[in-house]
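Starting off with a structure, shown below.
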Amino acid sequence: MGWQEDYKRKLTTHDEAVRVVKSGDLVVFPLVPPWSLAQALAKRREELRDVTVRVTSPIGDPGWYDEQWAQAFTDFEFELFIGDPNRHVTDSGRGTYLPNVFSVEFKAIDERPGEVRKPDVVFVNVSPPNKNGYVNFGVHMWNKRAYARRARTVVAEVVPQPVIAHGDCWMHVSEIDLFVEGTGAMFAGAAGAGGQAGGPLAAYLEAVPEDRRPGLRQVLLAAERSRLQQMLPEIGPRLADYTPETLAQALQVNLGPPEHVKAIAGYVSEVVPDGATLQIGIGEPARWLASIGTFDGKHDLGIHTELGCPGLAKLFATGVVTNRRKTIHNGVAIAVAWTGCDNEDMAIIDDNPHFQVYDPEYVLNLRTIMANENMVAINNAISVDLLGQINSESVFGGRMINGTGGQPEMHIGAFSAKGGRAITLLPSTALGGTVSKIVPQLDAGAIVTIPRYYADTVITEYGIARLAGKSHRQRASELIAIAHPDFRAELRREAERLWARL
């Protein structure tokens, strides 16, 4: 049987495809999942029992989070990222967090099969098959292919017009159990002539009060198209619940940097040398760096990153990024996904062999990262204490609002690489300047994302704290010097109480 016949035999409807899920199954929706299949599965809530749903990326509620469906969908596991749409689920105890990191996410499944559950069903999205019967996982691959290689049953929704990625991101039709074809309607006509929202966007905007439409329309039209295609079925029906700011965060759209970002960017530029290989996080404030000129004037930068950020591919187009001095993957920018890049970036990345994606278990493996000499990782923090303990996951003690993502691996790998540096960014204050983000000690229950012995370089709008090789007292002095001036005296008093003198 040729692959064409195999594909046709496996082609089915959304409602039929989700019937592969049985009571008691563990089902997985990896990062940037097919929302239409999540909705189809949720419709079976009256006939299923004891299903565990694992979600890698923040997605909303297709109809399964309500307590009344707890017999059908018994548990929810969130791995790597939580995000705003899922926080109420963990806050209420309906869901739990699965602590792991990308590079060893599947170690227990692969090496200790008797100790953990193997996923029963995974839902992914792919391109139409090429002439040889291979589907492409696209620029938003993440851990989709890695899960597809391990699950008992793989269900794939075919996206009609994906942005095609280069690299190790293909799978043959024969390796996938069922296919459903997406209509593409949520993507077609996303922006019509004159920059007006058309098609489904217009319908969703009509449901929003008229005075709030312009701001939301601006964000929707600025959103990267393939991400909008995948997110719109989720956010569209509840568009009225968003502000432009929260919608921009969900769609990773830059509306303009806060004032403190420019100062932070200046300090970042000081410590990033020519020839460095960069990883840049998508959170605040790192996601602004590439788009506001932080790296202008640098030479022969390279990219080895978890994901993209706005302006990253344009650095290649302008010659700032050449990848010529990379130790591995010389001449090529690599990532787990190019999620986070904007439309101009995607136009550069689309079908461009200079930009490639690989499975996270390879890209984020510490050995891979450490092979890059002069590797520089740039990530964000929620708070940092005076010992250098970095919290990027929780607020008010132990309330998780984020997850590890790829930060621990990139930070530790860059710090351990020859000539490498791990940079942590954060504004000096939060809540309108009323709270210092540099604290004497982390709150009880706060999560340490990066332990103090891997802390390296911390930057706020007030300067650079160089912590590597420094004692507790020296670190406290370095960090107090870059705290907001309104909090420095209090931080010094607390430091002297803890360590007797500075």
- Nearest 0.5 Å, what's the OG-CZ distance between S127 and F137?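 Reported to 0.5 Å precision, the distance equals 9.0 Å.
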- Task: Show your working on side-chain contact (heavy atoms from CB on, under 4.5 Å) between S392 and N379 and close with a plain yes or no.
- Result: CA-CA 9 Å; S392 301; N379 289 290; over 6 Å; no
- Task: State whether the side chain of T327 and the backbone N or O of E373 hold a donor-acceptor pair below 3.5 Å, judged by distance alone.
- Result: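 Yes: the side chain of T327 pairs with the backbone of E373.
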- Query: Are side-chain N/O atoms of S36 and E157 paired as donor and acceptor at under 3.5 Å?
  - Reply: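 Result is yes, a qualifying pair exists.
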- Item | Close side-chain approach of D6 to S174, heavy-atom, < 4.5 Å |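 A side-chain contact exists here, since the closest heavy-atom pair is under 4.5 Å.
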For residues 19-31, which side-chain donor-acceptor pairs fall under 3.5 Å, sequence neighbours excluded?
from: R19; atom 1: NH1; to: E47; atom 2: OE2; distance (Å): 3.4
from: R19; atom 1: NH2; to: E47; atom 2: OE2; distance (Å): 3.2
from: K22; atom 1: NZ; to: R19; atom 2: O; distance (Å): 3.2
from: S23; atom 1: OG; to: R49; atom 2: N; distance (Å): 2.9
from: D25; atom 1: OD2; to: K22; atom 2: N; distance (Å): 2.8
from: D25; atom 1: OD2; to: R152; atom 2: NH2; distance (Å): 3.4

- Within 6.0 angstrom of R238 CZ, more than 12 heavy atoms from elsewhere: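 Enclosed.
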- Query: Should T96 and E77 be marked as a side chain to side chain donor-acceptor pair (under 3.5 Å) after you check the CA-CA gap, both sets of side-chain angles, and the distance that decides it?
  - Reply: CA-CA 5 Å; T96 186; E77 298 176 350; over 6 Å; no
- Task: State the OG1-CD1 distance between T424 and I390, to the nearest 0.5 angstrom.
- Result: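 It is 3.5 Å, given to the nearest 0.5 Å.
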- Would you call D274 and R325 a salt bridge, using N to O less than 4.0 angstrom?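 A salt bridge is absent here (no side-chain N lies under 4.0 Å from a carboxylate O).
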- Query: So do T305 and W338 actually touch side chain to side chain, heavy atoms under 4.5 Å?
  - Reply: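 A side-chain contact under 4.5 Å exists here.
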- Task: Could you check whether the rings of F355 and F316 sit parallel, tilted or perpendicular, using 30° and 60° as the cut-offs?
- Result: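 The arrangement is perpendicular - the two ring planes meet at more than 60°.
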- Would you call M400 and R87 a side-chain contact if the rule is heavy atoms closer than 4.5 Å?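 Side-chain contact under 4.5 Å: no.
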- Item | No-hydrogen, no-angle side-chain donor-acceptor test under 3.5 Å, E393 and T449 |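 Judged by distance alone, the side chains do pair up.
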- May I ask you to decide if K326's main-chain N or O and N323's side chain share a donor-acceptor pair within less than 3.5 Å?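 Flag not set: sc N323 to bb K326 has no pair under 3.5 Å.
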- Look only at the side chain of E306 and the backbone of G406, and say whether a donor-acceptor pair between them is shorter than 3.5 Å.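 Judged by distance alone, yes, a pair lies under 3.5 Å.
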- Message: Ring centres under 6.0 Å, that's the criterion: do Y147 and F106 meet it?
- Response: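 Here the rings of F106 and Y147 have centres that are less than 6.0 Å from each other.
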- Evaluate the side-chain proximity of N100 to L80: yes if any heavy-atom separation is below 4.5 Å, no if none is.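 With C-beta onward as the side chain, the pair touches.
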- Item | CZ/F81: more than 12 non-hydrogen atoms of other groups inside 6.0 Å |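 Atom CZ in F81 is crowded, with more than 12 foreign heavy atoms closer than 6.0 Å.
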- Message: Would the distance check show the side chain of R149 and the main-chain N or O of M171 forming a donor-acceptor pair, the cut-off being under 3.5 Å?
- Response: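 Judged by distance alone, no pair lies under 3.5 Å.
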- Below 4.0 angstrom, N of the basic side chain to O of the carboxylate: do K10 and D177 qualify?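 No, this pair does not count.
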- Taking it one step at a time, do M141 and V336 satisfy side-chain contact (heavy atoms from CB on, under 4.5 Å)? CA-CA 7 Å; M141 182 169 77; V336 170; over 6 Å; no
- Task: Check the pair R117, T52 against side-chain contact (heavy atoms from CB on, under 4.5 Å), reporting the backbone distance first and the verdict last.
- Result: CA-CA 11 Å; R117 290 186 66 180; T52 297; 4.1 Å; yes
- Parallel under 30°, tilted from 30 to 60°, perpendicular over 60°: which one fits the rings of F76 and F78?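 Answer is parallel, since the angle falls under 30°.
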- Query: Looking only at atom types and distance, does a side-chain atom of T368 sit under 3.5 Å from a main-chain N or O of Y362, one as donor and one as acceptor?
  - Reply: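 Present.
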- Query: Does the side chain of P408 reach to within under 4.5 Å of the side chain of Y454, using non-hydrogen atoms?
  - Reply: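 The answer is no, as the side chains (C-beta and beyond) never meet within the 4.5 Å cut-off.
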- Could you check if a side-chain atom of V154 sits within less than 4.5 angstrom of a side-chain atom of E175, using non-hydrogen atoms only?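 Side chain of V154 against side chain of E175, heavy atoms only: no contact under 4.5 Å found.
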- Nearest-0.5 Å distance, CD1 of residue I264 to CD1 of residue I423: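 Here the rounded value is 11.5 Å.
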- Could you check if a side-chain atom of I328 sits within less than 4.5 angstrom of a side-chain atom of N372, using non-hydrogen atoms only?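 When only atoms from C-beta onward are counted, N372 and I328 do touch, with a gap below 4.5 Å.
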- Task: Check whether any side-chain heavy atom of V363 sits under 4.5 Å from a side-chain heavy atom of V357, and report yes or no.
- Result: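 They are not in contact (no side-chain heavy atoms under 4.5 Å apart), so the answer is no.
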- Message: Under a 3.5 Å cutoff, is there a donor and acceptor pairing between the side chains of W142 and T339?
- Response: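 Judged by distance alone, the side chains do pair up.
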- Task: Determine, using ring centers only, whether W170 and Y134 are less than 6.0 Å apart.
- Result: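 They do not qualify: ring centres at least 6.0 Å apart.
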- Message: Tell me whether R212 contacts the main-chain N or O of Y242 through its side chain, where contact means a donor paired with an acceptor under 3.5 Å.
- Response: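 Answer holds: yes.
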- Task: Indicate yes or no for a side-chain donor-acceptor contact from S416 to the backbone of G413 under 3.5 Å, with no hydrogens or angles considered.
- Result: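 Absent.
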- Message: For K314, is there any backbone N or O sitting under 3.5 Å from a side-chain donor or acceptor partner on D345?
- Response: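 Confirmed, D345 side chain pairs with K314 backbone.
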- Counting N and O atoms only, with roles assigned by atom type, does the side chain of N343 sit under 3.5 Å from a partner on the main chain of A223, one being a donor and the other an acceptor?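 Present.
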- Residues N125 and K144: side-chain donor-acceptor under 3.5 angstrom: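 Judged by distance alone, the side chains do pair up.
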- Tell me, with the steps shown, if Y7 and V158 meet side-chain contact (heavy atoms from CB on, under 4.5 Å). CA-CA 11 Å; Y7 177 79; V158 179; 3.5 Å; yes
- Could you give the distance from NE2 (H166) to CG (N352), rounded to the nearest 0.5 Å?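 If we round to the nearest 0.5 Å, H166:NE2 and N352:CG are 7.0 Å apart.
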- Message: So, taking the atom named CD in E105 and the one named CG in L364, what distance separates them when rounded to the nearest 0.5 Å?
- Response: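 Rounded to the nearest 0.5 Å, the CD-CG separation comes to 10.0 Å.
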- So, E361 and R150, do they make that salt bridge, N to O below 4.0 Å?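 Looking at E361 and R150, the cut-off is met.
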- Message: Using 0.5 Å steps for rounding, measure from the OG atom of S291 to the CG atom of L315.
- Response: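 One finds 9.0 Å between OG of S291 and CG of L315.
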- Any donor-acceptor N/O pair, R44 side chain to V18 backbone, under 3.5 Å: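 Looks like yes, one N/O pair under 3.5 Å.
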